[in-house]
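Below is one structure, written out as structure tokens, with a few remarks after it.
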Protein chains: 2
Amino acid sequence: MERKVTIQDIATMAGVSKSSVSRYLNNGYISEDKAKKIKSAIERTGFETNFFAKRLKTKKSGLIGIVIPRIDSVTVGKFLNGINRKLRENDYQGMILISELDIEKELDNINSLNQQGVDGIIINSMSITKKHLEITSKLNIPTIFTGQKSEFINYIKLDDYKAGRIMGEYFKAKGHKEIVFLGINEFDKAVGIERKSGFIDAVKENNPGSRVQFVETDFTFTSAYLKGDEILKYKPTAIVCATDNICLGILRYLHERNIKVPDEISVAGFGGYEIGGVSYPAITTIAFDYELIGIKTAQGILDLIEGKELEENNDIALELIERESVKEIVDKGGIG
Amino acid sequence: MERKVTIQDIATMAGVSKSSVSRYLNNGYISEDKAKKIKSAIERTGFETNFFAKRLKTKKSGLIGIVIPRIDSVTVGKFLNGINRKLRENDYQGMILISELDIEKELDNINSLNQQGVDGIIINSMSITKKHLEITSKLNIPTIFTGQKSEFINYIKLDDYKAGRIMGEYFKAKGHKEIVFLGINEFDKAVGIERKSGFIDAVKENNPGSRVQFVETDFTFTSAYLKGDEILKYKPTAIVCATDNICLGILRYLHERNIKVPDEISVAGFGGYEIGGVSYPAITTIAFDYELIGIKTAQGILDLIEGKELEENNDIALELIERESVKEIVDKGGIG
DNA sequence: CTGTTAGCGCTTTCAA
DNA sequence: TTGAAAGCGCTAACAG
């Protein structure tokens, strides 16, 4: 393992000073002549600049910290894709830390990233606590949250309340009055509260006699599946699930009981996962452009680093995709 | 934005030299007395050691580069989970670079990671080319491949040929003779060649009159779905898919045509994705423990960094999960 | 346009 | 045990 070649070696080979080499590397002024010599020396040796030295000197790492709750999720994957694309365009690189759904680890990760000298941190938080605010307010680098929102911090997220409302309006228009909302715990404010209440608010508005029952689950297929019995007790005409994955779990349950979707019960989800398009029946859903959220978030942190204000305009498109899992309820003649 | 506090500040505050602070930080000898003073100074200031300076000096980054083809895939996610866990245990951290299914970017990423001073690189390659060998052989740090194998390099992967064989034996035992293997391009040696030929070899062994037709697709649901017509022309009793996702695509196709699975056609996949357990019918599959592969790979790169040999023992468990998508063919009495 | 110089914050001899 | 000193590889004034 030969010693790494440094800028000084190149300087010596090219017969110039190391500042000239540095200038060459960083687009400073340099004569054609010397540039050529330097170039050749670099090519011959395969020189590569030492990032640590450079960063130590410049106090800029070109690194953006990214804190995510988990990595084995397609939505997180798409989000990271978006971030990655935007960061790459701007010669930044992401440094991803996984919190394993543990809020303490999430906090640790933020600190750790800061310590590593990243230029900014993107936090895809499960739930923003007081500690989050404490920690991030002390940092000397910008941070931006996503997935959840809170006062006094920067965040970029889709409008869960609005998504809920769109779905609510849809089910109202379809004539459903007896609905189960299969959602998640309120610890998750975005999905657990906003999405749910958007839905409920829209359903109930000017819609006498309508009822929305809440059943709690988590993000897994299995948990949703296991809630089937409980849901059926409400004799709903529709089950609206907080995510498409939850919907897939309940679809399995209904299949097993030989309950026809959408003929006997309508179901729908949120997210617009690809898998929901090939399930049988295909799931009606509200599609979120996670990749776009990633792009906007990355742009946001970049703006913050440059001292710019964050754009207020957080509109991430919300698209209702009507597929096969919802049927209109035909009024059976004035009963109820 | 106040100046960051450095080791020198701590030294001054504690009335010691910065070498002593450094020793304190790195478990060197230090008197109880001074240790206490240093500790208090650190706590008061919230001092954090500058990683870049440390790395510049020690020539060790504590960073492992990870190159993956894409991030929005659950299998990749699980793999990263495994890596992450093992790395964390050993106080290393992953630096993930995404190749976006582009082999040139994959190569770039390897170089870029090296340049950034990582201590080793894990490469989840799509296809190992000559260039891969050239580049990695020139590096001064260890590399380990996964997902694909090749001579003269370190790799850890599951045994695709064996997985194929297990599935082949299974279908043979179930009496299927007219099978379509819905697989992918041979560019991907692991899935495109090994997995497929393991299957075909096992089916054909001592099994006169059996036929396996190959139909090519890619890893998406849609592409598989679109191959439905072509597959049906072969009038198979079984469709074996190279991955569970492919299987989900074909399942959708069969549902639409009202072809009953497994009564009219049996299907199966590879991977053991959770979604395959809640689809209808649930998919019979061979489960791969991607997380374990991640753990083993991470352990491997760590071993390599310490100069240890890589263990030969690459046995990743392969488990056939029988669910609902395969039916036994009852011999109709000596025909064929 | 170019070279000299200082120094980023840390670790690590070496000598005390 | 401890401190002084050197230096990791690079950039950025500054003077020329």
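Sequence lines set the chain letters: A, B, ... in the order given, protein chains first and strands last, and positions in each chain run from 1.
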Sugar-phosphate, base or nothing in reach of F47(B), heavy atoms under 4.0 Å: sugar-phosphate

Atom pair distance, as rounded to whole Å: NZ in K36(A) and P in dT2(C): 13 Å

I123(A) and I144(A), any side-chain heavy atoms less than 4.5 Å apart: no

Residue mapping more 5' on DNA chain D - nearest nucleotide basis, N50(A) or Y29(B): Y29(B)

D9(B) CG - dC8(C) P separation (whole Å): 11 Å

Chi angles and distances behind the side-chain contact (heavy atoms from CB on, under 4.5 Å) call for L97(B), S112(B): CA-CA 9 Å; L97(B) 254 41; S112(B) 161; 3.9 Å; yes

Whole-Å distance separating the CD1 atom of I38(A) from the P atom of dG3(C): 8 Å

Donor-acceptor under 3.5 Å (R55(B) side chain, F52(A) main chain): no

Worked check of side-chain hydrogen bond (donor to acceptor under 3.5 Å, both in side chains) between T49(B) and Q115(A): CA-CA 7 Å; T49(B) 125; Q115(A) 187 174 166; 5.2 Å; no

The helix from dC1(C)-dG16(D) to dA16(C)-dT1(D): angle between end helix axes, five pairs per end, rounded to 10 degrees: 30°

Candidates L302(A), I83(A), I96(A), I121(A) - the one meeting side-chain contact (heavy atoms from CB on, under 4.5 Å) with I64(A): L302(A)

K34(B) NZ to dG3(D) C1', straight-line distance once rounded to whole Å: 9 Å

Base-contact (B) and sugar-phosphate-only (S) positions in nucleotides 11-16 of chain C, heavy-atom cut-off under 4.0 Å, - elsewhere: BBB---

Q115(A) CD - dC10(C) C1' separation (whole Å): 13 Å

Within 6.0 Å of NZ in K105(A), more than 12 heavy atoms from elsewhere: yes

Sidechain N-carboxylate O distance under 4.0 Å for K86(A), E89(A): yes

Flag, side chain of S137(A) to backbone of L133(A), donor-acceptor distance under 3.5 Å: yes

Separation of atom CG in D33(A) from atom C1' in dT2(C), rounded to whole Å: 12 Å

Under 4.0 angstrom between T6(A) side-chain N/O and dG9(D) OP1 or OP2: no

Separation of dG7(C) C1' from L56(A) CG (nearest whole Å): 9 Å

Q8(B) CD to dA4(D) C1', straight-line distance once rounded to whole Å: 12 Å

Check: S127(B) side chain, F187(B) main-chain N or O, donor-acceptor pair, under 3.5 Å: yes

